[in-house]
Amino acid sequence: MKEVRSSSLLPGNSNNNLYIMKKKLCLSQFKTPLFDTLLAHAKRDVVSFHCPGHKNGRSIDKVLKDYTGDGVYKFDVTVFDEVDSLHDPIGPIRRAQELMAQAYGVKYSFFLVNGTSVGNIAMFLAACDSGDSIIVSRNSHKSVISGIILSGVWPIWIQPKIDQNLDLIFNTTYEQIKDALDKYPEAKGVFITSPTYNGVATGLNKIVNLCHKRNKIVLVDEAHGAHLHFNEQLPESAVETDADLCVQSTHKILSAISQGSVLHFNSKLIEFNRVKKVVSMLQTTSPSYLTLATLDLARRQVFLYGRENFNKIIKIAEYGRSYINNNIQTMKCFTRKEVQKLGFDLDVTKLTINVTKTGLSGYEIEKILAKKYNVQLDYADLFNLVAIMGEGSNKSDVEILVKALESISRKYHGEQKNWILKIPSLATEMVMMPREVFLSNKTKSISLKKAVGHVAAQTLTPYPPGIPIVIPGERITQEIRDYLMDMSAKDIRISGQETEMLKTVKVFTSQ
Ligand SMILES: Cc1ncc(COP(=O)(O)O)c(C=O)c1O
């Protein structure tokens, strides 16, 4: 359980000064300065001689406009004084960002219009110099690999922990971080993903305290955690620790539209102006004001009603979890208790449904759900389905899902397979910086069979496990080569392969 949070900063505390402070904070959180500005502008039907070319929606294709109505396109404006600039905010964008920072209890919040993907890259470029080393779990999102390549850091990989009972990959533990810091005292800091796609959260507070005691920075990919701060039943959020930078996809669980994310700055170790510059360098000069407005609205919604809304969402998710566990013999959803026993915490709003006993893969069931039952999941792999709930979820959605799964378990049967979730050792030797290899033209494709001992010049990610098994700059071991050949023989999709079947791999050549 967590302690004080802004959404509980509501009247009721006996300390009078604190009460007044909290009341002021709550009152300001009712405001949506950016949305209000854009709405007022849209209502005035201003004659547009600015980009974009559709001119308040006038030339948007009729079929689309008949469906959506035309109001929404009046929010699609460009930078001018009234609506402020994302790159140098002094008006409503600045005020909206300040309210965001206040709601999350951080020093500064940057609005992002290219999702957490751009936030991850920004964290590396803002916090690291070329040649620095950073401790990072191998099961990171692909944008983390991009950040490593673009910033020119040396990654120190942490092997992800696998639980073969749950067919699940966990994230980094405190003990793993401590071991890595002891072994590599030169590391500038750590990069952590928490919670994972499956909602598994690591003990961030302890990790942050350890790192700061050693003067190391902590960067957190909290793409799936923008809601955590607002409900005490959920795992702790990075913003409740002293993590230096943390990025959240406000669009994933809260009600911002796609691409709306936020980078929170809360550091004594990282230079603020550098973060500001990097964020500006990476973002478009034509941001979607509609996306920005929904960030403003999503913040107000979660601050004022997040506790109540997520109490309901937790209830319906738990209903779905128990229904599956009690009524569908061939499917199972792990529980918070099971995850806590393994030393992690769980965001219970996410349902990870293990389907191995059906004899069908997660992919197959995902397809059946979409085609026959009109239900679309966020993700599936060989073993699991992942159902993500958000601000807009309701009980009837969950009822439809569990009834569909129950029906599938009765109607569809596959042959039992002995798939095992495993990965090779990925604590590999980094011979060259990923950036150096990426920018080099001294590369060639060789037969995968002959790849052992060579330095990789590409990223290869089989699904599952969805973890990059080969990264530019690392020496390819026999174990990795054998693993890839095995995956390829089993017809597993390998992202990054340049031919239909994985027969070759790109490596660095010294000539
Ligand atoms: C852990 C994690 N980090 C980062 C991202 C990228 O986030 P976005 O889609 O907001 O760019 C994702 C996307 O799924 C993710 O799962």
Side-chain angles (χ1 to χ4, degrees), residues 100 109-125 134 136-151 155 158 160-161 168-172 190-202 204 218-228 235 237-239 243 245-264 278-279 282-284 287-288 290-292 294-295 298-299 344-347 349-352 366 376-381 384-391 459 461 463-468 495:
M100 183 68 84
S109 297
F110 295 91
F111 285 0
L112 304 175
V113 286
N114 189 15
T116 291
S117 301
V118 86
N120 279 340
I121 296 170
M123 289 201 285
F124 277 99
L125 286 168
I134 288 280
V136 47
S137 177
R138 188 68 168 234
N139 61 325
S140 299
H141 186 254
K142 64 199 280 197
S143 56
V144 175
I145 312 295
S146 309
I148 288 170
I149 290 175
L150 291 171
S151 62
I158 293 193
K161 285 193 180 285
L168 202 67
I169 299 175
F170 287 136
N171 55 5
T172 322
V190 303
F191 184 101
I192 293 174
T193 302
S194 183
T196 60
Y197 218 104
N198 307 89
V200 176
T202 195
L204 272 180
V218 184
L219 313 176
V220 184
D221 174 349
E222 201 172 71
H224 292 274
H227 57 310
L228 300 182
S237 160
V239 296
L245 288 172
C246 133
V247 60
Q248 302 172 331
S249 296
T250 319
H251 68 95
K252 284 196 193 298
I253 316 289
L254 304 184
S255 54
I257 60 171
S258 286
Q259 302 185 1
S261 279
V262 178
L263 175 64
H264 298 295
V278 165
V279 170
L282 294 176
Q283 300 225 76
T284 170
S288 156
L290 182 62
T291 305
L292 295 174
T294 61
L295 284 172
R299 181 267 314 151
F344 297 97
D345 200 357
L346 180 67
D347 169 6
T349 67
K350 285 212 167 57
L351 295 180
T352 301
E366 182 192 31
Q376 184 59 56
L377 296 175
D378 200 73
Y379 175 80
D381 62 26
N384 295 305
L385 309 170
V386 180
I388 293 189
M389 263 160 256
E391 281 277 12
T459 307
T461 310
Y463 286 83
I467 290 177
S495 157

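Whatever order the structure lists ligands and atoms in, that order sets their numbers, starting from 1. In this chain, residues are counted from 1 in sequence order.
- In this structure, T202 has no side-chain hydrogen bond (donor to acceptor under 3.5 Å, both in side chains) partners at least two apart in sequence or on a different chain.
- To the nearest 0.5 Å, the span separating CZ on R138 from CD1 on I467 amounts to 8.5 Å.
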Between ligand 1 and the protein, which N/O pairs fall short of 3.5 Å?
residue  : atom   : partner : partner atom : Å
ligand 1 : 3 (N)  : D221    : OD1          : 3.2
ligand 1 : 3 (N)  : D221    : OD2          : 2.6
ligand 1 : 9 (O)  : K252    : NZ           : 3.2
ligand 1 : 10 (O) : T116    : N            : 2.8
ligand 1 : 10 (O) : S249    : OG           : 2.8
ligand 1 : 10 (O) : H251    : NE2          : 2.8
ligand 1 : 11 (O) : T116    : N            : 3.2
ligand 1 : 11 (O) : S117    : N            : 2.9
ligand 1 : 11 (O) : S117    : OG           : 2.6
ligand 1 : 14 (O) : K252    : NZ           : 3.1
ligand 1 : 16 (O) : H224    : NE2          : 2.8

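- Considering only residues two or more places apart in sequence or on other chains, H264 meets the side-chain hydrogen bond (donor to acceptor under 3.5 Å, both in side chains) condition with S109, Q248.
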**Request:** Just do the side chain to side chain contact (heavy atoms under 4.5 Å, CB included) check on T349 and H224 with the steps written out, would you?
**Result:** CA-CA 11 Å; T349 67; H224 292 274; over 6 Å; no
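- Under the side chain to side chain contact (heavy atoms under 4.5 Å, CB included) criterion, T196 pairs with N171, N198, V200, sequence neighbours left out.
- Using modelled atom types, one side-chain atom of Q283 and one backbone atom of F111 make a donor-acceptor pair closer than 3.5 Å.
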